[in-house]
Amino acid sequence: MTQNFEPKILGIFCNWCSYTGADLAGTSRMKYAPNMRIVRVMCSGRVDPQFILKAYKEGADGVLVAGCHPGDCHYIEGNFKTIGRMQILEKMLAQFGIEKERFRLEWISAAEGDRVMHVVNEMTTQVKKLGPLNWKEVSRSKDIGHCEEPKATKQSPLNK
Amino acid sequence: MTNPRIGVYVCHCGTNIAGKVKVTDVVEHAKKQPNVVLAKEYKFMCSEPGQAMIVEDIKKEKLDRIIVAACSPLMHEKTFRKALEKAGINKYLFQMANIREHCSWVHEDGAAATEKAKALVTGAIYRAQYVEALNDREAPMNPATLIVGGGIAGIQAALDIADSGRQVYLVEKEPSIGGHMAQFDKTFPTLDCAACILTPKMVSIGQHPNITLLSYSEVEKIDGYVGNFKVGVRMKARYVDPKKCNGCGDCWQKCPAWRVEKPKGDKKVVHNALTLGPTKAIYMPTLQSVPNVPVIDKKSCIYFKNGKCKICVKACQKDAINHEMTDVVMDIDVGNIIVTTGFKTFDVSKMPQYGYGKLPNVISSIEFERMNCSSGATGGQVLCQNGEAPKSIAILHCIGSRDKEHHEYCSRVCCMYALKFAHLVKEKTGAQVYDFYIDMRAAGKGYEEFYNRLLEEGVRFIRGKAASVTDYAVFPEEEGKLIVRCEDTLVGKVRRIPVDMVVLCSALEANADAPEFARLLKLCQGKEGWFTEKHPKLAPVSTASDGIYIAGCCQGPKDIPDTVAQASAAAAQVLTAIAKGKVQIEGVGAEIIEEKCTGCKICNDMCPYKAIEFDAVKHKSKVNDALCKACGTCVAACPCGAIKAKHFTDEQIMHEIEGVLYDAKL
């Protein structure tokens, strides 16, 4: 493990609570590690477990899914669906040999900018300790965790 | 399939972004990405010239995807979408990369921030390849408005809207409207009588043809969306028929049971909060109650205890009292909702060092307000429990406010109402007033002048937060008195000041049921429990939920002028929405691709809005656009990938993930 390893962490944040919470961390000028990149979805209930596998496959060393606190979901109960899905996913990740610290489901409200800061810093430190995941390489060589690419991709403009 | 033509614009946001992120590097990086036709930087993209640049480029370069890397999409997405529409392309062909709130503002290292900005922009570019044009839908706007909370904020907003000829439903959980303001005697700094300025407004509410007043009622259920909310209101049984009652008072004069008992023994005065003094089991909340109809307190009514009594029923000549009355649930349809649920005062017994509840004559500010009010327990006289006027009073600021143990914030109104108290005490009793303050916060029109006036009136101001109140006398002159201990920070000494009465200026805090209510309406609460506005400066009465507005103290502590201003602002917002006549509903939402759907019905139960119906003939599921709110839960659940979340499709999200991780090793 290289000493100056900087992990890449993907954040998938719900629009109403967690994304807004991260915005609040910004407006409050809180400082946290630059390792996480946030992708916005409307509800954590939109998070398809495939997104997380995709992230590891693309080289992410950790994934953080964040939504509204249980009971506070903007869409009534989307986050309860998330809990169920992520629990199953966690079991799967363990079978793939992905350490549990590399995946995290957090509830962050729109008022909890400080929580964004703490969670990101904590997760960055943990993942740093674990070192790179290199799942991109592993998953390709052993052909595991291969998730189906959306069909349109085959003629997509990105396939040069 | 022709390749998209993407334009990328990176904003400096003055130095907000450019001070940390090397914008030029990000632009150069963007230029190298697939299908990017041009990439530019500009000082302020949201400015008029910034937007004009986008419009011009779209026309000249035939761009069909626009990416702006700037602030949060929650801030300026709408602004740029309008620019796209102006240039004649669909507004959904726009993508924002948040390199301010999520990047330049939160990272210290400029190089790392630049790398992250590049990744975020790449994500946006990858995603933009797959975005599609969508069409907004329109829905009718119901011109009726629901206002929850009948304090001064709710009253003002209701009158503003009703005067324009629109229907208003005003829901108040207490038996009478008026809120906290109706309990006060005078208001600072002008010392005009609260009842004199409020009562006419309360009466107008009761008489207004466009206002339906639902007092002693609570909102139970809210469904629907902006323009078309369906609200369930529970009207609690008050056991008196408002249609028959004429408010004569025969019932409570004859009622044998007490809700608040007459004082016994040495006590001559009750200092209980919010009372009119001793009241019967059937009572009128205040003398100026609107509606002017009493209510039976079930806990103290003899009939509800043992099934006998009904003296009030016999006393009532109008036959208005009915002990068998039950709650009624009423459904109302409205287009907009204004929340004006106000505040509650901090429970001063949480700070035992001040002796509230244990020592006599230590009272909270709201009790003192009631005592000063001519309709209060003492008819407006300032009296100790033994019925005598105090010779000296201590007023203690910041009880529960500016205190990390309780509330970190300043409650804003306490300094001013403390000054008002000091003035009223001087005027009514001539007693010596000691005012213990941390800082005197008199920011407002005429406030500082009011403070100066009190200095001249001879109030003794002691700079320092009172440490404790005790009745343990050390010196002979302290015998039988309350002693306030405090460090006088101007003198630099600890002082003991004996007084006859202590008033604790309690903080304003969010209502106890605020979390429950926030859940019901999908409002956000800040750390301290106040409801959060859409933007602290530029959208102070809007909320994250379209069609729901907040005004007054439910948003944060404020005085009456600010509350009224906010209430009128919320009313103006609602009237603007009503004047438009229609609601635009975003073109996002779920769509079922019939060929892929196997009819398994998993999504049918998944939808929290019951927006997915099953077509038994085709054996396929179908989304009802009017009910779908675009959360995407069904999309993630569908085992066949047959549901498409418009604007948040699998391929859009998958590629955004790929983009933000473009630089991940290997």
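We name chains A, B, ... by the order of the sequence lines, and we start the count at 1 in each one.
By number of non-hydrogen pairs under 4.5 angstrom with chain A, the leading residue of B:H107, B:K116, B:K522 is B:H107. Contact count against chain A (heavy-atom pairs under 4.5 Å) is highest for B:K527 among B:K527, B:R127, B:Q33, B:H647. In terms of heavy-atom pairs under 4.5 Å with chain A, the best-connected choice from B:A518, B:A637, B:C524, B:A112 is B:A637. Contact tally against chain A (heavy-atom pairs below 4.5 Å) for B:Q525, B:R519, B:K629: the top residue is B:R519. Counting heavy-atom pairs closer than 4.5 Å to chain B, the top-ranked of the candidates A:P34, A:C17, A:A111 is A:P34. Of the residues considered (A:A60, A:G11, A:S109, A:A110), A:A60 shows the highest number of contacts with chain B, using heavy-atom pairs under 4.5 Å. Considering only heavy-atom pairs separated by less than 4.5 Å from chain B, the leading option among A:L10, A:I9, A:I76 is A:I76. Most heavy-atom pairs under 4.5 Å with chain A: of the set B:C631, B:G632, B:S104, B:P608, this distinction falls to B:C631. For the options A:R85, A:K81, A:E77, heavy-atom pairs under 4.5 Å to chain B are most numerous at A:R85. The greatest number of non-hydrogen atom pairs below 4.5 Å with chain A, out of B:T633, B:V635, B:L523, B:T532, is found for B:T633. Ranked by heavy-atom pairs shorter than 4.5 Å toward chain B, the options A:A25, A:G71, A:C68 are led by A:G71.
Shown here for A:H74 and B:S545, the closest heavy-atom pair between the two residues is CE1-OG, 3.8 Å. Listed here is the closest heavy atom pair of A:A22 and B:H102: CB-NE2, 3.3 Å. Between A:Y75 and B:Y609 the shortest heavy-atom distance is CA-OH, 3.0 Å. Across A:G59 and B:A664, no two heavy atoms sit closer than the pair O-CB, 3.4 Å.
Neither the backbone nor the side chain of B:M75 comes within less than 4.5 Å of any heavy atom of chain A. Heavy-atom distances place both the backbone and the side chain of B:A544 under 4.5 Å from chain A. In this structure, the portion of A:V47 lying under 4.5 Å from any heavy atom of chain B is its backbone and not its side chain. Contacts between B:N16 and chain A at a heavy-atom distance below 4.5 Å involve the side chain alone, from C-beta outward. With a 4.5 angstrom heavy-atom cutoff, A:M117 does not touch chain B via any of its atoms.
Residues A:R46 and B:D650 are paired through a salt bridge, judged by an N-O separation under 4.0 Å between the basic side chain and the carboxylate.
Contact of the A:N15 side chain with the B:L74 side chain is registered, since non-hydrogen atoms from C-beta on lie closer than 4.5 Å. Inter-residue side-chain proximity for A:Y19 and B:P73 is flagged as met; some heavy-atom pair is nearer than 4.5 Å. Counting heavy atoms from C-beta on, the side chains of A:E6 and B:E115 never come closer than 4.5 Å.
The CD1 atom of A:I12 lies 8.0 Å from the CD1 atom of B:I653; values are rounded to the nearest 0.5 Å. For the atom pair OG1 (A:T20) and CD (B:E101), the distance works out to 10.5 Å, reported to the nearest 0.5 Å. Atom CD in B:E656 sits 10.5 Å away from atom CZ in A:F51 (nearest 0.5 Å). Distance check, rounded to the nearest 0.5 Å: CZ of A:R29 to CD of B:E108 gives 13.0 Å.
Using modelled atom types, no side-chain atom of A:R37 and backbone atom of B:L120 make a donor-acceptor pair closer than 3.5 Å.
Within 6.0 Å of atom CD in B:E408, 12 or fewer heavy atoms from other residues, nucleotides or ligands are found, so the atom counts as exposed in its surroundings.
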**Q.** Check against side-chain contact (heavy atoms from CB on, under 4.5 Å), B:V106 and A:K31
**A.** CA-CA 4 Å; B:V106 286; A:K31 301 292 176 208; 5.6 Å; no
Q) Would A:R40 and B:N98 satisfy side-chain contact (heavy atoms from CB on, under 4.5 Å), going step by step from the backbone distance to the final call? A) CA-CA 10 Å; A:R40 180 171 69 122; B:N98 186 347; over 6 Å; no
